[in-house]
Amino acid sequence: MGSGSLDLDRIPAHIACVMDGNGRWARARGLPRTEGHRVGEEALFDVVEGALEIGVGWLTVYAFSTENWRRPADEVRFLLDFNEDILLRRRDELHERGVRIRFIGRRDRRVPRRLLRRMDEAVELTRSNPKMTFTVAFNYGGRAEIVDAVRAIVASGRSASRITERTVARHLYDPEMPDPDLMIRTSGECRTSNFLLWELAYSELYFTDVAWPDFRREHLFEAIGAYQDRERRFGAVEEP
Ligand code: FPP
């Protein structure tokens, strides 16, 4: 599907993606799982281009979860190196396209210092870019994010009766990030898997059988088309 049939006045402001199915895509072709991640990079940057083309302001992708450390050591190593490598190879191009790069997730000791440095460099380089905010969820877990927010609130000494939803939202990893309007998960699994647990409360969820390595901007436009066909009420009822 092209972007032509979309209503450009109702493009979701924030789209979040669970880029699932890389391993299965590769296995189905007799390739190592890591090959699926490599092809997944092409999918990701086509989606970034598509999002820029239609004016999506915020795009967030799940690159590495707090549960992904449980994968075989060689795949974990590959994913760490791969993320660092992508940052090095792609940051200038993203910068030129006016994309602001941000990260959400735990900066704990398992994340190599060099990778943290690359992340900080990419954030610094692109911090004033106006076109789109591209957030990479790395060593991210939705429950961990809520736990970290609770810790920060307790550490601030705020009294329990003064804690509201706004307080929690302000202590999430990126308080400026708006809640996603649309969450896309590829490859047939219909779960959120600990992704943006707090932020997805009212998001439209879109699941597709297309594996992430095969996902392209046309599929993104298809998902947005489906989103535009839905009616969002945020718990209210439609006016008569
Ligand atoms: C899920 O497929 C995908 C991942 C765990 C990693 C995807 C990461 C990228 C495409 C790179 C992103 C990097 C940056 C810096 C933006 P899976 O392995 O869980 O697939 P399966 O469910 O078939 O096993």
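Only heavy atoms go into these numbers, but all of them, side chains included; no hydrogens, no water, no symmetry mates. Atoms within each ligand, like the ligands themselves, are counted from 1 in listed order.
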Over 60° means perpendicular and under 30° means parallel, so classify the ring planes of Y202 and F234, tilted if in between.
tilted
Check this for me: does any side-chain nitrogen of one of E145 and R106 sit under 4.0 Å from a carboxylate oxygen of the other?
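Salt bridge absent between E145 and R106.
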E121 with R91: basic N within carboxylate O range, under 4.0 Å:
yes
Heavy-atom count around R158 CZ within 6.0 Å, excluding the residue itself: above 12?
yes
Which residue, F103, F138, W212, Y140, forms the ring-ring contact (aromatic ring centres under 6.0 Å, His included) with Y62?
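It is Y140, the one option of F103, F138, W212, Y140 that forms the ring-ring contact (aromatic ring centres under 6.0 Å, His included) with Y62.
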Looking only at protein heavy atoms, which one is nearest to [atom], and how far off is it?
| atom | value |
| --- | --- |
| atom 13 (C) of ligand 1 | N83 OD1, 3.0 Å |
| atom 7 (C) of ligand 1 | N22 ND2, 3.5 Å |
| atom 4 (C) of ligand 1 | H37 CE1, 3.8 Å |
| atom 9 (C) of ligand 1 | M19 CE, 3.8 Å |
| atom 6 (C) of ligand 1 | A63 O, 3.5 Å |

With respect to atom 16 (C) of ligand 1, which of I86, L44, T34 exhibits the smallest heavy-atom separation?
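It is L44 that holds the nearest heavy atom.
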Answer yes or no: does an N/O atom from D20 fall short of 3.5 Å to an N/O atom of ligand 1?
yes
Look only at interatomic distance and state if R24 has a nitrogen or oxygen under 3.5 Å from any nitrogen or oxygen of ligand 1.
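N/O-N/O distance under 3.5 Å: yes.
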With heavy atoms of [X] as the reference, note each atom of ligand 1 found under 4.0 Å away.
| X | value |
| --- | --- |
| F82 | 11 (C) |
| R33 | 17 (P), 18 (O), 24 (O) |
| R71 | 5 (C), 17 (P), 18 (O), 19 (O) |
| G23 | 17 (P), 18 (O), 20 (O), 21 (P), 23 (O), 24 (O) |

For the salt bridge (charged side-chain N to carboxylate O under 4.0 Å, His left out) test, which of E53, E49, E222 pairs with R217?
E53
Is the distance from the ring center of W58 to that of F134 below 6.0 Å?
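So the answer is no for these two rings.
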Working for salt bridge (charged side-chain N to carboxylate O under 4.0 Å, His left out), residues D148 and R151:
CA-CA 5 Å; D148 289 349; R151 285 180 180 162; 3.6 Å; yes
Should F64 be listed as contacting ligand 1, given a heavy-atom distance under 4.0 Å as the test?
no
